[in-house]
Amino acid sequence: MIHHANHIRPNRDGLKVGGHQASCASVISILTALYFEVLRPQDRVAVKPHAGPVFHAVNYLLGRQTREKLATLRQFGGIQPYPSRVKDGPEVDFSTGSVGLGVAMTTFGSLVQDYIRLHGLARPDVPAGRHVAVVGDAELDEGNIYEALLEGWKHDVRNLWWVVDYNRQSLDSVVPDRLFGRIEGLFRDMGWNVVTLKYGRRLQAAFARPGGEALRRWIDDCPNSLYAALTFQGGAAWRNALLADLGRSEGARAIIDPLTDEELAALMTNLGGHDIETLIEAFRAADAEGDQPTCFIAYTIKGMGLPFAGHKDNHAGLMTKEQMAEFKRSMNIRDGHEWDPFEGLDLPEAELRAFLASVPFARPLAPEGRALSAPAVPVPAALPTPKAPPGRRLSTQAAFGDILAEIGRGQGELAPLAARIVTTSPDVTVSTNLGPWVNRRGIFDRHTKNDVFRDAKLASAQRWGMSPEGQHVELGIAEQNLFLLLAAAGLSHSLYGARLLPIGTVYDPFVNRGLDALIYGCYQDARFLLVSTPSGLTLAPEGGQHQSVNTPLLGMAQDRLASFEPAHADELAILMRWAFEHMQRPDGSSVWLRLSTRPLVQPERRLDPAAVIAGAHWAVPPAPGARIAIAYQGAVAPEAAEAFAQLREEVPEAGLLAITSPDRLHAGWLAARRRARAGERDAAPSHIEALLAPLASDAALVTVLDGHPAAHAWLGAVRGQRVAPLGVDRFGQAGDIPDLYRAYGLDADAILDACAEALLGGV
């Protein structure tokens, strides 16, 4: 497949196609043992990214991939370089393109499966499965793996296998010798069973002979770099190195001398990760021992069987046409028969097909296939909207907590929704207003644990008993774990046949710390509600490190994630209700709410939910032909309203626009532009085009948000109107809101100054 993509398929742009032939070669025996002997239909697998072609070949043999598709590796519309749930179809359990994240994802998949089964939500026709990650050893340099390892230990995760393809090479070099001993110890410290598969049957037989122990010690003491170099050099180099150290041992000579150079090279590279019998025996033994998490360290050779096996530069290596011709001859592959499923094998085709039909993993998991389905959870027509008493103010963060707490009562039509919500947070549960929900629904744990403070009659607002019935998963302060758990829970309908509605809360600036995992979850089309709060300079006393600037832009740029920033509780209630429904739609996505701790006066009004969801609504509509409007987003609403009140004294026809989502506005506008270019002349204008239509064609928009001003700057392109975008484009500092808003140009005076400049034509 890789050779075809690089040397046979036309290359129209001259770029290297690539494909990781060496990384594929090291893992073939491992995947063969797993898929054709050990795995069951209910097991979920994360294949190491660089083994994607092997994974596709496995599915071809199992009848789940077509011959035509195999020739499209790395081609537009073809099979992906790294297995993708969205682009490669239902056979992919976890996308694994981002190194390390697919491995960690299996931990949280196992946790979500436990949650579903302990809550009695599992489908009776889908048994519990094991979660298996095939791991490239260089992936173990990724810190998120150890964050997940620790979290898995805290939650007593079971039914988890990580199979490490230990070829002792990374992209650029050979892995240091001492490193893996430390990693092995870490797994054992976290309660894992560790199985080391270092030697195959032939080497084990050699070790059992007189002098064999000396040969074993020599291999054990051989540095990784030397072992790799000798593998590349071949049998003669092996012989010279061995005899230099073991030449005086009669027993060792009796093992080495009778072998040809080719036989000696085959013996010295007979590692456990390439020996099918050794692999199957180890997997079966671990299976018989129960559900303890197990790490298999399978020693392999990167590029096994290829002309550049063991060479430290082989990661991006590709066989030449001449080398491929020789490789085919050695494998008994005839020209023109490269895609035949049984080419080169000496068993009858009927026998091979019978074997494939008997493979446990070949059995169907469910009538709908490996991608399961689950009915939608009914969402009420409206969610309860918190009401602030006269003279009281309410923040969107507090309103979120109030709405969720009311849902948590589980009364009436809210009961089905409450039963399927699962919340999680990386050690900021209370400070993101999840506390009341947790008090009502409890913390999830595989084992019942009492609240010690409550038992001791110590006063606390939190009643945090832990039990299998709890609906909040408390995490340590590692944002990557938050997004991986949200991704796993957000795929529960497809992976486990039970629909969950996951909600994760995190401080807005620290979305950046878990951004890779957030992107990874969206790439898999996981469905969750992300609530990031508090946000922006409005978190004034906390200083620049806790103040976010770029998150509105992240929300606009991220695919499969609809982002919003409501200013008031009534907008938030509309958006939360829509989010629960949107997360479940086939054409839906995850949803992101950027909230604030700043309490605001709550207006008495009736909103058009469709406008709030579409991204903006007129708080005060402009008169036709108005020369100016102020547009605000989020917590700066009071400053915008104050400036607007003064502006209307001079320009009574001006309008005040409440933006709830620059992301939705921008996406709708782009979609409308695409329709227009496609010739759909009768298509309706986008929401933002309709909103701005009453303004004069040369009107000015003064926009303001507690975030990067580029989130609004594009509005001028909609109808050619002038825009004066106000926002924050540099690190914040400690202070109070009046000082910071003044310093960063978010206060009413700054908004009015921008209006004056715009009216004078300075924009």
Side-chain angles (χ1 to χ4, degrees), residues 377-389 392-425 428-442 461-463 471-472 486 489 500-508 527-535 562-584 590-610 612-613 617 634-635 637 658 660-661:
V377 177
V379 180
L383 296 184
T385 303
K387 302 294 184 183
R392 296 281 298 276
R393 300 172 181 235
L394 187 67
S395 71
T396 48
Q397 178 179 301
F400 162 73
D402 290 348
I403 294 170
L404 198 57
E406 192 62 29
I407 294 173
R409 292 181 185 276
Q411 297 179 346
E413 61 180 355
L414 290 172
L417 178 64
R420 295 304 178 112
I421 290 174
V422 54
T423 60
T424 184
S425 189
V428 290
T429 297
V430 174
S431 51
T432 55
N433 280 59
L434 276 178
W437 161 267
V438 177
N439 284 343
R440 290 203 168 115
R441 311 302 291 198
Q462 314 309 323
R463 300 184 296 276
Q471 287 180 242
H472 175 76
L486 286 176
L500 298 177
L501 298 173
I503 302 174
T505 64
V506 64
Y507 289 172
D508 191 64
R527 306 299 181 84
F528 52 84
L529 175 59
L530 168 63
V531 178
S532 64
T533 180
S535 62
S563 66
F564 298 85
E565 185 173 359
H568 297 100
D570 53 359
E571 296 169 329
L572 175 62
I574 290 170
L575 293 173
M576 285 183 66
R577 189 256 164 217
W578 176 83
F580 289 132
E581 193 171 75
H582 184 71
M583 289 158 56
Q584 303 184 70
S590 292
V591 180
W592 180 0
L593 301 177
R594 186 179 192 249
L595 305 183
S596 173
T597 51
R598 188 186 189 191
L600 303 181
V601 173
Q602 300 299 306
E604 287 287 338
R605 59 187 177 179
R606 298 184 68 177
L607 293 174
D608 175 9
V612 174
I613 294 163
H617 59 93
T660 55
S661 175

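In this chain, numbering begins with 1 at the start of the sequence shown.
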Please enumerate all residues that pass ring pair (Phe, Tyr, Trp, His ring centres under 6.0 Å) together with His617, with sequence neighbours excluded.
none
Nearest heavy atoms of Ile403 and Pro386, plus distance in Å:
CG1-CD, 3.5 Å
State whether a side-chain donor-acceptor pair under 3.5 Å links Ser535 with Asp508.
no
Listed by chain and number, what are the salt bridge (charged side-chain N to carboxylate O under 4.0 Å, His left out) partners of Arg527, not counting sequence neighbours?
Asp525
Run the salt bridge (charged side-chain N to carboxylate O under 4.0 Å, His left out) test against Arg409 and tell me which residues pass, sequence neighbours left out.
Glu406
About how many Å separate OG1 of Thr533 and CG of Asn433, when rounded to the nearest 0.5 Å?
7.5 Å
From Leu575 atom CG to Phe580 atom CZ, the distance as rounded to the nearest 0.5 Å
11.5 Å
Ring pair (Phe, Tyr, Trp, His ring centres under 6.0 Å) with Phe564: which residues, sequence neighbours excluded?
Trp578
For Ala637, all residues meeting side chain to side chain contact (heavy atoms under 4.5 Å, CB included), sequence neighbours excluded:
Ala567, His568, Leu600, Tyr632
Quick one: salt bridge (charged side-chain N to carboxylate O under 4.0 Å, His left out) partners of Arg605, sequence neighbours excluded?
Asp570, Glu571
Considering residues at least two apart in sequence or located in another chain, which fulfil the side chain to side chain contact (heavy atoms under 4.5 Å, CB included) criterion with Ser563?
Trp592, Asp663
Is the closest side-chain donor-acceptor distance between Thr505 and Ser425 under 3.5 Å?
yes
Given Leu593 and Leu572, is the side chain to side chain contact (heavy atoms under 4.5 Å, CB included) satisfied, shown in steps?
CA-CA 9 Å; Leu593 301 177; Leu572 175 62; 3.7 Å; yes
Would you say Arg393's side chain and Val601's backbone share a donor-acceptor pair under 3.5 angstrom?
no
List the residues meeting side chain to side chain contact (heavy atoms under 4.5 Å, CB included) with Ser590, not counting sequence neighbours, and say none if there are none.
Phe528, Leu561
Enumerate, atom names and distances included, each donor-acceptor pair closer than 3.5 Å involving a side-chain atom of residues 410-420, sequence neighbours excluded.
from	atom 1	to	atom 2	distance (Å)
Arg420	NH1	Arg499	O	3.0

Which residues satisfy the salt bridge (charged side-chain N to carboxylate O under 4.0 Å, His left out) test with Arg577, sequence neighbours excluded?
Glu581
Just by distance, no angles: are the side chains of Tyr507 and Ser431 close enough, under 3.5 Å, to form a donor-acceptor pair?
yes
Just by modelled atom types, is the Ile421 backbone N or O under 3.5 Å from a matching donor or acceptor in the Gln471 side chain?
yes
To the nearest 0.5 Å, what is the distance between CG (Leu434) and CZ (Arg441)?
13.5 Å
Residue list, side-chain hydrogen bond (donor to acceptor under 3.5 Å, both in side chains) with Thr424, at least two apart or on another chain:
none
Using atom types as modelled and distance alone, determine if a side-chain donor or acceptor of Glu565 lies under 3.5 Å from a backbone N or O of Ser661.
no
Which residues pass the side chain to side chain contact (heavy atoms under 4.5 Å, CB included) test with Pro609, not counting sequence neighbours?
Ile574
